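Remember, predicted model here, so these are calculated numbers, not experimental data. In listed order, ligands and their atoms are each counted from 1.
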Amino acid sequence: KRHKFWETQPVGQYKDVGDTSLPEGPIEPPTPLSEVKQEPYNLPSAYEWTTCDMNSEETCEEVYVLLKNNYVEDDENMFRFNYSKEFLRWALRVPGYYQSWHIGVRAKASKKLVAFISGIPARIRVNEDVVKMAEINFLCVHKKLRSKRLAPVMIKEVTRRVHLENIWQAAYTAGVVLPTPITTCQYWHRSLNPKKLIDVGFSRLGARMTMSRTIKLYKLPDSTITPGFRKMELRDVPAVTRLLRNYLNQFVVAPDFDENDVEHWLLPNDNVVDSFLVESPQNHEITDFCSFYTLPSSILGNQNYSTLKAAYSYYNVSTKTPMNQLMNDVLIVAKQKDFDVFNALDVMHNETFLKELKFGPGDGQLHYYLYNYRIRNGLKPSGLGLVLL
Ligand SMILES: COc1cccc(CC(=N)NC(=O)c2cccnc2OC2CCNCC2)c1
(Lines give C-alpha, C1' and ligand atoms only; values in the text may rest on other atoms or scores of the structure.)
Protein backbone atom coordinates (compact mmCIF):
# COMPACT_ATOMS: atom_id res chain seq x y z
CA LYS A 1 0.00 0.00 0.00
CA ARG A 2 1.43 3.42 -0.84
CA HIS A 3 2.16 5.73 2.09
CA LYS A 4 2.54 9.07 0.28
CA PHE A 5 3.35 10.88 3.54
CA TRP A 6 5.40 8.25 5.40
CA GLU A 7 7.63 7.63 2.40
CA THR A 8 8.90 11.21 2.88
CA GLN A 9 9.74 10.74 6.58
CA PRO A 10 12.91 9.49 8.38
CA VAL A 11 11.39 6.15 9.35
CA GLY A 12 12.33 2.62 8.35
CA GLN A 13 11.07 2.24 4.79
CA TYR A 14 9.73 -1.06 3.44
CA LYS A 15 12.62 -1.19 0.95
CA ASP A 16 15.09 -1.12 3.90
CA VAL A 17 13.59 -4.09 5.75
CA GLY A 18 16.22 -6.81 6.11
CA ASP A 19 19.04 -4.52 4.92
CA THR A 20 21.56 -5.34 7.67
CA SER A 21 24.08 -2.88 6.20
CA LEU A 22 22.05 0.04 7.58
CA PRO A 23 23.38 1.11 11.00
CA GLU A 24 21.18 1.13 14.12
CA GLY A 25 20.42 4.55 15.57
CA PRO A 26 19.27 7.92 14.22
CA ILE A 27 18.35 7.90 10.51
CA GLU A 28 18.93 11.65 10.04
CA PRO A 29 21.28 13.93 12.08
CA PRO A 30 19.77 16.85 14.08
CA THR A 31 19.17 20.06 12.16
CA PRO A 32 20.77 23.27 13.49
CA LEU A 33 17.97 24.98 15.45
CA SER A 34 18.34 28.07 13.25
CA GLU A 35 17.38 25.91 10.27
CA VAL A 36 14.21 24.47 11.88
CA LYS A 37 11.14 26.05 10.28
CA GLN A 38 10.24 28.90 12.67
CA GLU A 39 6.61 29.36 11.64
CA PRO A 40 3.79 26.78 11.78
CA TYR A 41 2.87 24.72 8.73
CA ASN A 42 -0.05 25.94 6.66
CA LEU A 43 -3.50 24.54 7.40
CA PRO A 44 -6.42 24.69 4.92
CA SER A 45 -7.63 28.30 5.06
CA ALA A 46 -10.79 27.54 7.11
CA TYR A 47 -8.70 26.21 10.04
CA GLU A 48 -6.19 27.59 12.53
CA TRP A 49 -3.69 26.18 15.04
CA THR A 50 -4.36 26.45 18.74
CA THR A 51 -2.28 25.39 21.74
CA CYS A 52 -4.37 23.49 24.27
CA ASP A 53 -3.78 24.53 27.89
CA MET A 54 -4.74 21.35 29.73
CA ASN A 55 -4.74 23.31 33.01
CA SER A 56 -7.83 25.08 31.72
CA GLU A 57 -10.99 23.19 32.66
CA GLU A 58 -12.71 24.53 29.53
CA THR A 59 -9.94 23.46 27.13
CA CYS A 60 -9.54 20.10 28.84
CA GLU A 61 -13.28 19.59 28.37
CA GLU A 62 -13.01 20.44 24.65
CA VAL A 63 -10.21 17.90 24.15
CA TYR A 64 -12.16 15.33 26.18
CA VAL A 65 -15.34 15.81 24.08
CA LEU A 66 -13.44 15.72 20.77
CA LEU A 67 -11.78 12.40 21.70
CA LYS A 68 -14.96 10.97 23.24
CA ASN A 69 -16.81 11.48 19.93
CA ASN A 70 -14.05 11.01 17.34
CA TYR A 71 -11.12 8.96 18.69
CA VAL A 72 -10.17 5.31 18.07
CA GLU A 73 -12.88 2.68 17.69
CA ASP A 74 -12.49 -1.11 17.59
CA ASP A 75 -12.49 -2.84 14.19
CA GLU A 76 -16.26 -3.47 14.35
CA ASN A 77 -17.08 0.12 15.46
CA MET A 78 -18.86 -1.16 18.57
CA PHE A 79 -16.64 0.66 21.10
CA ARG A 80 -14.76 3.97 21.21
CA PHE A 81 -12.07 4.94 23.72
CA ASN A 82 -13.43 7.38 26.29
CA TYR A 83 -10.35 8.76 28.08
CA SER A 84 -11.44 10.75 31.15
CA LYS A 85 -10.41 14.39 31.72
CA GLU A 86 -8.31 13.47 34.75
CA PHE A 87 -6.63 10.77 32.66
CA LEU A 88 -5.81 13.29 29.90
CA ARG A 89 -4.36 15.74 32.45
CA TRP A 90 -2.20 12.88 33.84
CA ALA A 91 -1.12 11.72 30.37
CA LEU A 92 -0.21 15.20 29.12
CA ARG A 93 1.02 17.23 32.10
CA VAL A 94 4.05 15.07 32.74
CA PRO A 95 7.40 16.08 34.32
CA GLY A 96 9.07 18.55 31.93
CA TYR A 97 6.09 18.78 29.52
CA TYR A 98 5.78 21.47 26.82
CA GLN A 99 2.35 23.05 26.47
CA SER A 100 3.30 23.88 22.85
CA TRP A 101 3.22 20.13 22.12
CA HIS A 102 -0.50 19.96 23.02
CA ILE A 103 -1.71 21.03 19.59
CA GLY A 104 -5.29 21.66 18.50
CA VAL A 105 -6.93 22.74 15.24
CA ARG A 106 -9.97 25.02 15.37
CA ALA A 107 -12.45 25.97 12.64
CA LYS A 108 -11.90 29.73 12.22
CA ALA A 109 -15.62 30.48 11.86
CA SER A 110 -17.01 28.50 14.80
CA LYS A 111 -13.79 28.31 16.92
CA LYS A 112 -14.72 24.66 17.48
CA LEU A 113 -11.89 22.23 18.25
CA VAL A 114 -11.87 19.84 15.30
CA ALA A 115 -8.53 18.04 15.66
CA PHE A 116 -5.79 17.31 18.21
CA ILE A 117 -2.33 15.76 18.47
CA SER A 118 -0.03 15.58 21.50
CA GLY A 119 3.59 15.00 22.37
CA ILE A 120 5.21 14.51 25.77
CA PRO A 121 8.95 14.29 26.50
CA ALA A 122 10.33 10.90 27.57
CA ARG A 123 13.72 9.32 28.04
CA ILE A 124 13.63 6.01 26.19
CA ARG A 125 16.51 3.56 26.28
CA VAL A 126 17.14 1.62 23.05
CA ASN A 127 19.72 -1.10 23.77
CA GLU A 128 22.43 0.90 25.59
CA ASP A 129 21.44 4.35 24.30
CA VAL A 130 19.15 6.55 26.43
CA VAL A 131 17.47 8.81 23.88
CA LYS A 132 15.38 11.92 24.58
CA MET A 133 12.17 11.34 22.61
CA ALA A 134 8.69 12.67 22.18
CA GLU A 135 5.86 10.20 22.81
CA ILE A 136 3.18 11.08 20.30
CA ASN A 137 -0.41 10.20 21.13
CA PHE A 138 -4.09 11.17 20.81
CA LEU A 139 -3.95 12.07 17.11
CA CYS A 140 -7.62 12.72 16.40
CA VAL A 141 -9.43 14.39 13.47
CA HIS A 142 -13.18 15.00 13.73
CA LYS A 143 -15.16 12.38 11.82
CA LYS A 144 -16.56 15.05 9.50
CA LEU A 145 -13.04 16.21 8.46
CA ARG A 146 -11.50 12.86 7.56
CA SER A 147 -9.51 12.51 4.28
CA LYS A 148 -8.86 16.28 4.16
CA ARG A 149 -5.20 15.26 4.69
CA LEU A 150 -5.14 17.06 8.07
CA ALA A 151 -3.21 14.26 9.81
CA PRO A 152 0.03 14.66 7.78
CA VAL A 153 0.21 18.40 8.42
CA MET A 154 -0.53 17.83 12.14
CA ILE A 155 2.25 15.24 12.33
CA LYS A 156 4.64 17.66 10.57
CA GLU A 157 3.63 20.46 12.96
CA VAL A 158 4.18 18.42 16.14
CA THR A 159 7.49 17.23 14.66
CA ARG A 160 8.51 20.85 14.01
CA ARG A 161 7.66 21.88 17.59
CA VAL A 162 9.55 18.85 18.96
CA HIS A 163 12.58 19.82 16.83
CA LEU A 164 12.44 23.36 18.28
CA GLU A 165 13.12 21.72 21.69
CA ASN A 166 16.16 19.95 20.18
CA ILE A 167 14.53 16.53 20.28
CA TRP A 168 14.92 14.40 17.12
CA GLN A 169 13.31 11.04 17.91
CA ALA A 170 9.76 9.95 18.75
CA ALA A 171 7.78 6.86 19.76
CA TYR A 172 4.17 6.12 18.88
CA THR A 173 1.72 3.23 18.36
CA ALA A 174 -1.05 2.60 15.87
CA GLY A 175 -3.58 -0.08 15.08
CA VAL A 176 -2.66 0.29 11.40
CA VAL A 177 0.50 -0.83 9.62
CA LEU A 178 2.71 2.11 8.58
CA PRO A 179 6.41 2.13 7.53
CA THR A 180 7.78 0.33 9.59
CA PRO A 181 6.81 -1.25 12.93
CA ILE A 182 9.67 -2.02 15.35
CA THR A 183 7.39 -4.74 16.69
CA THR A 184 3.76 -5.82 16.49
CA CYS A 185 1.85 -6.76 19.64
CA GLN A 186 -1.22 -8.91 20.06
CA TYR A 187 -3.74 -7.70 22.60
CA TRP A 188 -5.48 -10.00 25.07
CA HIS A 189 -8.53 -9.63 27.28
CA ARG A 190 -9.44 -11.25 30.61
CA SER A 191 -13.20 -11.23 31.29
CA LEU A 192 -14.14 -9.96 34.76
CA ASN A 193 -17.85 -9.40 34.10
CA PRO A 194 -18.59 -11.98 31.38
CA LYS A 195 -22.35 -11.45 31.40
CA LYS A 196 -22.01 -7.73 30.52
CA LEU A 197 -19.21 -8.43 27.98
CA ILE A 198 -21.46 -10.92 26.16
CA ASP A 199 -24.52 -8.62 26.41
CA VAL A 200 -22.61 -5.76 24.76
CA GLY A 201 -20.95 -7.96 22.13
CA PHE A 202 -17.39 -7.58 23.41
CA SER A 203 -17.24 -11.36 23.99
CA ARG A 204 -19.23 -14.26 22.62
CA LEU A 205 -20.55 -17.24 24.58
CA GLY A 206 -18.09 -20.08 23.99
CA ALA A 207 -19.28 -23.12 22.03
CA ARG A 208 -20.99 -25.67 24.30
CA MET A 209 -20.92 -23.05 27.07
CA THR A 210 -23.90 -21.74 29.05
CA MET A 211 -23.93 -18.28 30.62
CA SER A 212 -23.81 -19.73 34.16
CA ARG A 213 -20.86 -21.99 33.20
CA THR A 214 -19.12 -18.94 31.70
CA ILE A 215 -19.69 -16.83 34.84
CA LYS A 216 -18.25 -19.67 36.94
CA LEU A 217 -15.25 -20.03 34.61
CA TYR A 218 -14.19 -16.41 35.18
CA LYS A 219 -15.07 -16.23 38.90
CA LEU A 220 -12.30 -14.82 41.10
CA PRO A 221 -11.73 -14.96 44.89
CA ASP A 222 -13.08 -12.00 46.86
CA SER A 223 -9.65 -11.02 48.20
CA THR A 224 -6.01 -11.14 47.15
CA ILE A 225 -3.86 -14.03 48.41
CA THR A 226 -0.24 -12.74 48.40
CA PRO A 227 1.02 -11.85 51.91
CA GLY A 228 2.24 -8.24 51.94
CA PHE A 229 0.26 -7.24 48.81
CA ARG A 230 -0.79 -3.58 49.22
CA LYS A 231 -1.41 -0.29 47.42
CA MET A 232 1.72 1.70 46.50
CA GLU A 233 2.36 4.85 48.58
CA LEU A 234 4.60 7.92 48.13
CA ARG A 235 7.20 6.49 50.56
CA ASP A 236 7.62 3.50 48.17
CA VAL A 237 8.84 5.60 45.21
CA PRO A 238 12.61 4.99 45.76
CA ALA A 239 12.20 1.22 46.16
CA VAL A 240 9.77 0.89 43.24
CA THR A 241 12.11 2.95 41.05
CA ARG A 242 15.02 0.60 41.86
CA LEU A 243 12.86 -2.48 41.27
CA LEU A 244 11.44 -1.18 37.97
CA ARG A 245 14.73 0.15 36.55
CA ASN A 246 16.39 -3.18 37.26
CA TYR A 247 13.53 -5.10 35.64
CA LEU A 248 13.26 -2.90 32.53
CA ASN A 249 17.02 -3.22 31.89
CA GLN A 250 16.40 -6.60 30.27
CA PHE A 251 14.33 -5.19 27.38
CA VAL A 252 15.65 -3.72 24.12
CA VAL A 253 13.32 -0.70 24.26
CA ALA A 254 12.13 0.65 27.64
CA PRO A 255 11.55 3.94 29.47
CA ASP A 256 14.46 5.24 31.54
CA PHE A 257 12.30 6.13 34.58
CA ASP A 258 13.77 8.13 37.48
CA GLU A 259 12.04 8.69 40.85
CA ASN A 260 10.28 11.80 39.53
CA ASP A 261 8.87 9.79 36.61
CA VAL A 262 7.83 6.90 38.89
CA GLU A 263 6.04 9.34 41.19
CA HIS A 264 4.08 10.76 38.25
CA TRP A 265 3.38 7.60 36.26
CA LEU A 266 2.95 4.97 38.97
CA LEU A 267 1.66 6.52 42.18
CA PRO A 268 -2.04 5.59 42.54
CA ASN A 269 -4.31 8.27 41.04
CA ASP A 270 -8.06 7.63 41.41
CA ASN A 271 -9.79 6.45 38.21
CA VAL A 272 -6.52 6.90 36.29
CA VAL A 273 -3.79 4.52 37.47
CA ASP A 274 -3.69 1.88 40.21
CA SER A 275 -0.46 0.35 41.49
CA PHE A 276 0.33 -2.31 44.06
CA LEU A 277 3.41 -3.92 45.49
CA VAL A 278 4.44 -6.84 47.67
CA GLU A 279 6.29 -5.85 50.85
CA SER A 280 7.87 -8.94 52.36
CA PRO A 281 6.31 -9.41 55.84
CA GLN A 282 9.69 -10.74 57.07
CA ASN A 283 12.15 -8.00 56.07
CA HIS A 284 9.88 -5.32 54.56
CA GLU A 285 11.72 -5.53 51.22
CA ILE A 286 9.66 -4.53 48.16
CA THR A 287 9.89 -7.63 45.98
CA ASP A 288 7.15 -7.23 43.34
CA PHE A 289 5.11 -4.53 41.64
CA CYS A 290 2.07 -4.37 39.41
CA SER A 291 -0.09 -1.63 37.90
CA PHE A 292 -2.91 -0.93 35.47
CA TYR A 293 -4.48 2.19 33.99
CA THR A 294 -8.20 2.98 33.64
CA LEU A 295 -9.44 3.54 30.09
CA PRO A 296 -13.21 3.18 29.68
CA SER A 297 -14.81 2.80 26.28
CA SER A 298 -18.16 4.12 25.12
CA ILE A 299 -20.43 1.29 24.00
CA LEU A 300 -21.95 2.38 20.69
CA GLY A 301 -25.60 1.43 20.25
CA ASN A 302 -26.52 -0.78 23.22
CA GLN A 303 -29.79 -0.19 25.11
CA ASN A 304 -28.66 -1.46 28.51
CA TYR A 305 -25.07 -0.18 28.83
CA SER A 306 -23.22 2.98 27.75
CA THR A 307 -19.72 2.37 29.14
CA LEU A 308 -17.28 -0.54 29.22
CA LYS A 309 -15.06 -0.25 32.29
CA ALA A 310 -11.63 -1.50 31.16
CA ALA A 311 -8.31 -1.81 32.96
CA TYR A 312 -5.09 -1.90 30.92
CA SER A 313 -1.99 -3.70 32.20
CA TYR A 314 0.79 -1.12 32.71
CA TYR A 315 4.14 -2.10 34.34
CA ASN A 316 4.53 -5.35 36.30
CA VAL A 317 7.65 -6.67 38.04
CA SER A 318 7.93 -10.03 39.75
CA THR A 319 11.13 -11.04 41.58
CA LYS A 320 9.76 -13.22 44.41
CA THR A 321 6.00 -13.71 43.89
CA PRO A 322 5.30 -15.87 40.79
CA MET A 323 4.05 -13.59 37.97
CA ASN A 324 0.83 -15.63 37.62
CA GLN A 325 0.01 -15.25 41.33
CA LEU A 326 0.86 -11.52 41.28
CA MET A 327 -1.31 -10.89 38.21
CA ASN A 328 -4.13 -13.00 39.59
CA ASP A 329 -4.17 -10.67 42.60
CA VAL A 330 -4.33 -7.73 40.16
CA LEU A 331 -7.36 -9.33 38.48
CA ILE A 332 -8.98 -9.79 41.91
CA VAL A 333 -8.45 -6.08 42.72
CA ALA A 334 -9.75 -5.03 39.28
CA LYS A 335 -12.88 -7.13 39.85
CA GLN A 336 -13.28 -5.59 43.34
CA LYS A 337 -13.15 -2.17 41.64
CA ASP A 338 -15.96 -3.25 39.29
CA PHE A 339 -13.92 -3.37 36.05
CA ASP A 340 -15.60 -5.37 33.30
CA VAL A 341 -12.42 -6.48 31.51
CA PHE A 342 -8.64 -6.46 32.01
CA ASN A 343 -6.61 -5.87 28.84
CA ALA A 344 -2.94 -6.59 28.20
CA LEU A 345 -0.43 -6.68 25.35
CA ASP A 346 1.95 -9.61 24.85
CA VAL A 347 4.91 -7.33 25.73
CA MET A 348 7.59 -7.96 28.39
CA HIS A 349 6.86 -11.21 30.27
CA ASN A 350 3.10 -10.87 29.92
CA GLU A 351 2.82 -13.99 27.78
CA THR A 352 3.38 -16.19 30.85
CA PHE A 353 0.26 -14.97 32.62
CA LEU A 354 -1.89 -14.37 29.52
CA LYS A 355 -2.23 -18.08 28.88
CA GLU A 356 -2.48 -19.15 32.55
CA LEU A 357 -5.03 -16.60 33.78
CA LYS A 358 -7.78 -17.19 31.18
CA PHE A 359 -7.02 -14.25 28.89
CA GLY A 360 -8.41 -14.59 25.38
CA PRO A 361 -6.71 -13.12 22.32
CA GLY A 362 -8.19 -9.86 21.02
CA ASP A 363 -9.07 -9.45 17.36
CA GLY A 364 -6.46 -6.83 16.63
CA GLN A 365 -2.83 -5.82 16.85
CA LEU A 366 -0.98 -2.81 18.14
CA HIS A 367 2.10 -1.74 16.16
CA TYR A 368 4.96 0.18 17.82
CA TYR A 369 7.01 2.77 15.90
CA LEU A 370 10.13 4.86 16.39
CA TYR A 371 10.63 8.07 14.40
CA ASN A 372 14.14 8.82 13.09
CA TYR A 373 15.68 5.80 14.85
CA ARG A 374 16.48 2.49 13.16
CA ILE A 375 16.74 -0.69 15.19
CA ARG A 376 17.77 -4.16 14.06
CA ASN A 377 14.75 -5.97 12.64
CA GLY A 378 13.18 -8.85 14.48
CA LEU A 379 12.38 -7.19 17.83
CA LYS A 380 9.78 -9.47 19.46
CA PRO A 381 7.01 -8.07 21.69
CA SER A 382 8.72 -9.87 24.61
CA GLY A 383 11.73 -7.62 23.99
CA LEU A 384 9.63 -4.47 24.35
CA GLY A 385 9.43 -2.81 27.78
CA LEU A 386 7.41 0.29 26.80
CA VAL A 387 3.67 0.69 27.43
CA LEU A 388 2.03 3.74 25.84
CA LEU A 389 -1.36 5.05 26.96
C1 LIG B 1 -12.80 -2.01 23.95
O2 LIG B 1 -12.88 -0.72 23.37
C3 LIG B 1 -12.02 -0.43 22.35
C4 LIG B 1 -12.08 0.87 21.86
C5 LIG B 1 -11.23 1.22 20.80
C6 LIG B 1 -10.33 0.30 20.24
C7 LIG B 1 -10.29 -0.99 20.76
C8 LIG B 1 -9.33 -2.00 20.18
C9 LIG B 1 -7.93 -1.50 20.37
N10 LIG B 1 -7.39 -0.81 19.47
N11 LIG B 1 -7.28 -1.82 21.55
C12 LIG B 1 -5.98 -1.44 21.78
O13 LIG B 1 -5.34 -0.72 21.03
C14 LIG B 1 -5.36 -1.97 23.03
C15 LIG B 1 -5.60 -3.27 23.46
C16 LIG B 1 -4.93 -3.74 24.60
C17 LIG B 1 -4.03 -2.91 25.29
N18 LIG B 1 -3.80 -1.62 24.86
C19 LIG B 1 -4.46 -1.16 23.77
O20 LIG B 1 -4.23 0.13 23.34
C21 LIG B 1 -3.79 1.06 24.32
C22 LIG B 1 -2.37 1.48 23.94
C23 LIG B 1 -2.39 2.31 22.67
N24 LIG B 1 -3.32 3.44 22.77
C25 LIG B 1 -4.69 3.01 23.06
C26 LIG B 1 -4.75 2.22 24.36
C27 LIG B 1 -11.12 -1.37 21.82
Practice problem: Return the residue, atom name and 0.1 Å-rounded distance of the protein heavy atom closest to atom 25 (C) of ligand 1. | Solution: Y83 OH, 3.3 Å
Exercise. Please report which non-hydrogen protein atom sits nearest to atom 12 (C) of ligand 1, along with the residue it belongs to and the distance in Å to one decimal place.
Key: Y187 CE2, 3.7 Å
Exercise. Look at atom 20 (O) of ligand 1 and say which protein heavy atom is nearest, naming residue and atom and giving the distance to 0.1 Å.
Key: L366 CD2, 4.2 Å
Exercise. Considering heavy atoms of the protein only, find what lies nearest to atom 27 (C) of ligand 1 and give residue, atom and distance to 0.1 Å.
Key: D74 CB, 4.0 Å
Quiz item: Among all protein non-hydrogen atoms, which one is nearest to atom 2 (O) of ligand 1, and what is the separation to 0.1 Å?
Solution: S297 OG, 2.8 Å
Exercise. Of the side chain and backbone of Y293, name the one, both, or neither that has a heavy atom under 4.0 Å from an atom of ligand 1.
Key: side chain
Quiz item: Among the heavy atoms of W188, does any lie under 4.0 Å from an atom of ligand 1?
Solution: no
Quiz item: Which of parallel (below 30°), tilted (30 to 60°) and perpendicular (above 60°) describes Y369 and H367?
Solution: tilted
Practice problem: For D129 and Y373, test the side chains for any donor-to-acceptor distance below 3.5 angstrom and give the result as yes or no. | Solution: yes
Practice problem: From the options V72, L388, N137, T173, select the one whose nearest heavy atom is closest to atom 22 (C) of ligand 1. | Solution: L388
Practice problem: Please work out which of the three classes, parallel, tilted or perpendicular, describes the rings of Y312 and F81, given edges at 30° and 60°. | Solution: perpendicular
Quiz item: At what distance is the nearest protein heavy atom to atom 24 (N) of ligand 1, and which residue and atom is it?
Solution: L389 O, 3.1 Å
Quiz item: Can you tell me if D53 and N55 form a side-chain donor-acceptor pair at under 3.5 Å?
Solution: yes
Quiz item: Parallel, tilted or perpendicular: which describes the rings of Y172 and W6, with under 30° parallel and over 60° perpendicular?
Solution: parallel
Exercise. Output yes when a side-chain donor or acceptor of K37 lies under 3.5 Å from a complementary backbone atom of E39, and no otherwise.
Key: yes
